[in-house]
Amino acid sequence: MKSHKETLPSSSRREFIKRSGLTITAFTLPLPLIKISKQNKMKDNKQFDVIVVGGSYSGLSAAMALGRALKQALVIDSGKPCNIQTPHSHNFLTQDGKTPTEIAVLAKQQVEKYDTVTFFTGLATNGRKRDNGFEIDVASGETFRAAKLIFATGIKDAMPNIDGFSACWGISVLHCPYCHGYEVRNEKTGILGNGEHANELSQLISNWTNDLTLFTNGKSTLTVEQTEKLKKHHIKIIEKEIESLQHNNGYLQNIIFKDGTKSAVRAIYSRNSFEQHCSIPESLGCERTDDGYIKVNPFQETTVAGVFACGDNTTRLRSVANSVAMGTAAGMTASKKMILEQF
């Protein structure tokens, strides 16, 4: 008995192979085809339901919520997250100890699965309110339009004029004990600051170590009562001016003072001043809090209708988990507003 292959005419075999080859190709190239489709859509379409400015944790979380709500969303991101130097992220269930890059790469891969979400690499430079929504300009000269805006643009930390500080920021010069305190528990630790905020931070950090020193970088402005209370809890106070931070690839070794002396430390906490990374929300009329953050309600709505903000640009609580939660709230609220308005 002859096989089916043997009895199939040569012309039919060629046709079968041709069709099979096309089918196999279609199944082996789904992702590139999707990417090409999205690129073409970007070239042809400048109108979206929502534009998300900022593509880190909060922005990606907002984009996922929008994608799941079937909304056409554009994420504009310049690729410069404020925690770029931080070696590990903590206090985020299922992601504890992962690098910020690992979390961000996985997050973007998951968001990219939603066909209605498009990414644009670039810097948003200007924004305008129009009768039917908003316009956002990017540095490359293009303009995109949307009914709603979400700003997940973060903040820009102002570094003190101390050599080595910037290199250690996020590695051994820390802003949050809940993010990094466990890893430097019981280590020789410093507080860089003065006055009321230094007094409060010293009390807080004493939970993680008994070997704690407050460096005021000049004459102390603590009250007599504050000074006595810190000393009662064995917190030392050094008022010498700081010259530099001696470190090894961002990991602190010593504080070098201007008089040539030094003090060994393994970690320092510092609450730096900051500025908003993006000025567009302010240009649109979004109000700020007394601390300089974008003012939002519990649903991440700013004081301008149709404009939302989420993540580090709205709160002192700078953690990945909080940014993700706020981004989800912003994306859900923006989509819900659109659905109800269009009903």
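Residues D49 and K148 are not paired through a salt bridge, judged by the lack of any N-O separation under 4.0 Å between the basic side chain and the carboxylate. Checked for salt-bridge contact, R128 and E135 meet the test: a charged N lies under 4.0 Å from a carboxylate O. Classification of D312 and K156 as a salt-bridged pair fails, no side-chain N sitting under 4.0 Å from a carboxylate O. A salt bridge links E200 to R271: one of the charged nitrogens lies within less than 4.0 Å of a carboxylate oxygen. A salt bridge between D290 and K295 is absent, with no side-chain N of the basic residue lying under 4.0 Å from a carboxylate O of the acidic one.
A side-chain donor from one of T261 and K240 sits under 3.5 Å from a side-chain acceptor of the other. Looking at S206 and Q203, their side chains never bring a donor and an acceptor atom within 3.5 Å of each other. Side-chain contact, D137 with T125: no donor N or O sits under 3.5 Å from an acceptor N or O. The closest side-chain donor-acceptor pair between Q47 and Q72, if any, does not fall under 3.5 angstrom. A side-chain donor from one of N272 and S270 sits under 3.5 Å from a side-chain acceptor of the other.
Atom-to-atom distance recorded for T227:OG1 and L230:CG is 6.5 Å, nearest 0.5 angstrom. Between atom CD of residue E275 and atom CD1 of residue I155 there is a gap of 10.0 Å, rounded to the nearest 0.5 Å. The distance from atom CD1 of I205 to atom CZ of R185, rounded to the nearest 0.5 Å, is 14.5 Å. Atoms CG and SG, from N248 and C168 in turn, are 9.5 Å apart once rounded to the nearest 0.5 Å. Here the straight-line distance linking atom CD of E241 with atom CD of E243 works out to 9.5 Å at 0.5 Å rounding. In this structure, I191 CD1 and L214 CG are separated by 7.0 Å, a value rounded to the nearest 0.5 Å.
Counting non-hydrogen atoms of other residues, nucleotides and ligands closer than 6.0 Å to CG of N207 gives a total above 12. In the displayed structure, M338 atom CE is contacted under 6.0 Å by more than 12 heavy atoms of other residues, nucleotides or ligands. Atom NZ of K236 has more than 12 heavy atoms from other residues, nucleotides or ligands within 6.0 Å. No more than 12 heavy atoms of other residues, nucleotides or ligands lie within 6.0 Å of NZ in K262, so this atom counts as exposed by the packing criterion.
Residues I51 and I76 meet the side-chain proximity criterion, which asks for heavy atoms closer than 4.5 Å. Side-chain contact between L174 and V184: present, with at least one pair of heavy atoms (C-beta onward) separated by less than 4.5 Å. No side-chain heavy atom of L149 sits less than 4.5 Å from a side-chain heavy atom of V53. No side-chain heavy atom of T213 sits less than 4.5 Å from a side-chain heavy atom of V265. Put simply, the side chain of L245 reaches to within 4.5 Å of the side chain of I255, judged on heavy atoms. A heavy-atom distance below 4.5 Å is not found between the side chains of N254 and L252. Using a 4.5 Å cut-off on side-chain heavy atoms (C-beta onward), I268 and T189 make no contact. Contact of the V296 side chain with the F308 side chain is not registered, since no non-hydrogen atoms from C-beta on lie closer than 4.5 Å.
Between the side chain of S319 and the backbone N or O of N322, at least one donor-acceptor pair lies under 3.5 Å. Side chain of D77 to main chain of G79: a donor-acceptor pair is present (N/O by atom type, distance under 3.5 Å, no hydrogens or angles). Between the T302 side chain and the C286 main chain, no donor and acceptor come within less than 3.5 Å of each other. Formation of a donor-acceptor pair under 3.5 Å by the H233 side chain with backbone atoms of K229 is found in this model. Under the 3.5 Å distance criterion, the side-chain polar atoms of S323 are left unmatched by any main-chain donor or acceptor of S58. The main-chain N or O of R266 is never found under 3.5 Å from a side-chain atom of Q253 such that the two would form a donor-acceptor pair. The main-chain N or O of G250 is found under 3.5 Å from a side-chain atom of S172 such that the two form a donor-acceptor pair. For E228 (side chain) and E225 (main-chain N/O), no donor-acceptor pair under 3.5 Å exists by modelled atom type. Judged purely by atom type and a 3.5 angstrom limit, N297 uses its side chain to pair as donor or acceptor with the backbone of Q300.
Minimum interatomic distance between F151 and N313 (heavy atoms only, all atoms of both residues): O-ND2, 3.2 Å. Taking all atoms of both residues into account, the shortest heavy-atom contact from F144 to F48 is CD2-CE1, 4.0 Å. When all heavy atoms of V324 and Y57 are compared, the closest pair comes out as CG2-CB, 4.1 Å. When all heavy atoms of Y269 and C176 are compared, the closest pair comes out as CE2-C, 3.9 Å. Residues I162 and S244 approach most closely at CG2-CA, 3.8 Å, considering heavy atoms. Closest approach of G67 and T116 over heavy atoms only: CA-OG1, 3.6 Å.
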(message) Please evaluate residues N217 and N194 with respect to the criterion side-chain contact (heavy atoms from CB on, under 4.5 Å), reporting the C-alpha separation (whole Å), side-chain torsions for both, the decisive distance (0.1 Å), and the verdict.
(response) CA-CA 8 Å; N217 194 24; N194 212 341; over 6 Å; no
(message) For a side-chain hydrogen bond (donor to acceptor under 3.5 Å, both in side chains) check, start with the C-alpha distance between T99 and E102, then their side-chain angles and the critical distance, and finish with the verdict.
(response) CA-CA 5 Å; T99 67; E102 283 183 281; 3.3 Å; yes
(request) Go through the steps for T209 and D211 under the test side-chain hydrogen bond (donor to acceptor under 3.5 Å, both in side chains), then give the verdict. (result) CA-CA 5 Å; T209 181; D211 194 348; 6.0 Å; no
(request) Starting from the C-alpha separation in whole Å, work towards a yes-or-no answer on side-chain contact (heavy atoms from CB on, under 4.5 Å) for Y114 and R68. (result) CA-CA 7 Å; Y114 295 91; R68 294 185 60 80; 2.8 Å; yes
(request) Please report the C-alpha distance between T121 and S78 in whole Å, then the side-chain angles of each, then the deciding distance to 0.1 Å, and finally whether the side-chain contact (heavy atoms from CB on, under 4.5 Å) criterion is met. (result) CA-CA 6 Å; T121 301; S78 61; over 6 Å; no
(request) Starting from the C-alpha separation in whole Å, work towards a yes-or-no answer on side-chain contact (heavy atoms from CB on, under 4.5 Å) for F120 and V138. (result) CA-CA 10 Å; F120 180 88; V138 294; 3.8 Å; yes
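The hydrophobic clustering, which links ILVMFWY residues whose side-chain heavy atoms are closer than 4.5 Å, places I237 and L212 together. M326 and L60 end up in different hydrophobic clusters when Ile, Leu, Val, Met, Phe, Trp and Tyr side chains are linked at under 4.5 Å. No path of Ile, Leu, Val, Met, Phe, Trp and Tyr side chains, each step under 4.5 Å between heavy atoms, connects V320 with L317, placing them in separate hydrophobic clusters. Taken together through direct or relayed side-chain contacts under 4.5 Å among Ile, Leu, Val, Met, Phe, Trp and Tyr, V304 and I280 form part of one hydrophobic cluster. V105 is not connected to V52 by any chain of hydrophobic side-chain contacts under 4.5 Å among Ile, Leu, Val, Met, Phe, Trp and Tyr, and they are in different clusters.
Note on residues 330-340: pairs passing side chain to side chain donor-acceptor pair (under 3.5 Å), not counting sequence neighbours, are E301-K337.
Remark: aromatic rings of W208 and Y178 are close, center separation under 6.0 Å.
Taking the six-membered ring where tryptophan is involved, the planes of F257 and F215 are tilted, since the angle between them lies from 30° to 60°. Between H175 and W169, the ring planes lie tilted relative to each other; the angle falls in the 30° to 60° range.
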